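Structure record follows, encoded as structure tokens.
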Amino acid sequence: MGAIQLIRGTRDILPEEAYYWQQVEAVARQILNRAVYQEIRPPIFEQTALFERGIGEATDVVSKEMYTFRDLGDRSITLRPEGTAGVVRAFIEHNLHTQGVKRLWYGGSMFRYERPQAGRQRQFHQIGVELIGSADPRADVEVIAIATDILQTLGLKSLRLDLNSVGNPEERQRYREALVSYLTPYAQELDQDSQERLHRNPIRILDSKDKRTQEITQNAPTILDHLGSESQAHFEKVQQRLTDLGIDYQINPYLVRGLDYYTHTAFEIQSDDLGAQATVCGGGRYDGLVAQLGGPDTPAVGWAIGMERLILLLQKLQAAPTPSPDFYVVSRGDRAEAQALLLAQKLRQSEMKVELDLSGSAFTKQFKRADRSGAVACLVLGDAEAENHTVQLKWMASQQQRTIPQAELLSMTEELRDQIDLLVGPS
RNA sequence: GCGAGCGUAGCCAAGGGGUUAAGGCAGUGGAUUGUGGUUCCACCAUUCGCGGGUUCGAUUCCCGCCGUUCGCCCCA
């Protein structure tokens, strides 16, 4: 068939699902507002070099997952694979560091060329925060607390917060060497992937799912043993403050994040209900990134929530309500139809929810649809009503019906509102 | 990028080398041309993801492609 279909790894968010998106956006907005985070909207595409420099050329994201192309001016353009790099670029470009500590949030589409899977798409959406300009451990805790607040307010339970410190670059380098020398004698026993990672990215071996590899790494040195006293103090403070706030976490020394810019605190919030793509929220501190991208040396911490994954969880928790109008307007005959349209418009302007039947079919059919729409009441206009400028108001549940002048109906919207709220509750 | 499973209507599906491709839900029309939720009737896939092959004949068997699901990898 000739119909054009959507591109692999993309999805249409249909009205039923859009309900959940709006719910998440509303909750997130509210909680971010209270913490006085401001929205920032960088472009969806940037110079390729931004991501290469920011995320790291050797990372999977940059080396094989970017949507990169040349535009007509022969510039290398990349659709953003994550949000932090663009936000930091904007932070530097507009000298936002002159404004002290900046608390920013963003939302929108990200693009990665990956094999689609449940909870993993090529175009996906994130909401993220960046707290730029503070090295205080309380900053780490603040952003984590915002994330857990959002998730909790949405009703999500049984999520795990995994916490680790990846130290500073020097500590990580020392650790890397220690790990390689520990693993090298076992090289032949490691699984295929891990053998390849031994020199390219040994830290990743720690979260291998291979059984034998896991046995070997059981006794491997951990990053936590290689932290200097400052890093250690920072990490301990973060833990202490999390505990103060009553936020449960578990230390996971194997937690490694895939983007190069992370320093010190790294964390993930995971769910058991998502299969292989368990991470709903991931983030951490990135003290080197602002300088790395040409700005003043500025510490920062942030996270991103995966909207699709979050919504998968939400959908398991609660069904989306179907929207139903206050009034369903039934009409037949030219004059009546014209008056019905006008009446509907006026009622909407008085903040009533009104659905107008456009079919022109028999009243029986229109009432059938009115019933299915879940309307609280029907407004009926036929030839007789059109003639007298009246309308029949029929309450669906009680089947009580009376004839009212249209002008009167419009002047009693307050009472109608009260009555509807009484019947079905405020919407 | 690799491995495995799946692909019959808007949704859930039965079927199986030979022409009528079950059924249910939803939808549309009617019984009921001015009044709903029940009921009854009718309609609703010239076609079984797409392309090619085998065959007298394929939706059914084979191959390729596409999509999707699960896992690996990676991450949100």
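Chain A is the first sequence line, chain B the second, and so forth, proteins listed ahead of strands; every chain is numbered from 1. Fair warning: this is a prediction, and the values are worked out from it, not measured in the lab.
With B:A76, B:U68, B:C75 as the candidates, the nucleotide lying closest to the side chain of A:V61 is B:C75. When each of B:U35, B:U68, B:G30 is scored by its nearest atom to the side-chain atoms of A:V380, the top-ranked nucleotide is B:U35. For A:Q117, the listed nucleotide lying nearest its side chain is B:C73; candidates were B:C73, B:C74, B:C75. Picking from B:G29, B:U68, B:A76 the nucleotide with the shortest atom distance to the side chain of A:T279 gives B:A76. Residue A:T364 has its side chain nearest to B:U32 when only B:A76, B:U32, B:C74 are considered.
Between A:D60 atom CG and B:A76 atom P the separation is 12 Å, expressed in whole Å. Atom CD in A:Q192 sits about 13 Å away from atom P in B:C73, given to the nearest Å. What separates CG of A:L14 from P of B:G10 is a distance of 14 Å, to the nearest Å. Whole-Å rounding puts the A:F363 CZ to B:G30 C1' distance at 18 Å. Regarding A:D193, its CG atom lies at a distance of 13 Å from the P atom of B:C75, rounded to whole Å. Look at NZ on A:K368: it is 10 Å from P on B:U39, rounded to the nearest Å.
In terms of phosphate contacts, A:R372 brings a side-chain nitrogen or oxygen within less than 4.0 Å of OP1 or OP2 of B:U28. For A:K209, a side-chain nitrogen or oxygen approaches OP1 or OP2 of B:C73 to under 4.0 Å. Note on A:R80: every side-chain N or O is 4.0 Å or more away from OP1 and OP2 of B:A76. Side-chain N/O atoms of A:R197 include one lying less than 4.0 angstrom from OP1 or OP2 on B:C74. Proximity of A:R115 to the phosphate of B:G3: no side-chain N or O atom is located under 4.0 Å from OP1 or OP2. Neither OP1 nor OP2 of B:U35 sits under 4.0 Å from any side-chain N or O of A:Q399. The shortest distance between the side-chain N/O atoms of A:R332 and the OP1/OP2 oxygens of B:U33 is not below 4.0 Å. Residue A:R309 places none of its side-chain N or O atoms closer than 4.0 Å to OP1 or OP2 of B:A76.
Both cation-pi conditions hold for A:R122 and A:Y113: the charged atom is under 6.0 angstrom from the six-membered ring centre and inside a 45 degree cone around its axis.
For A:Y186, the OH atom is loosely surrounded, since the number of other residues' heavy atoms within 6.0 Å does not exceed 12.
Taking atom P in both B:G24 and B:A42, one finds a spacing of 11 Å when rounded to whole Å.
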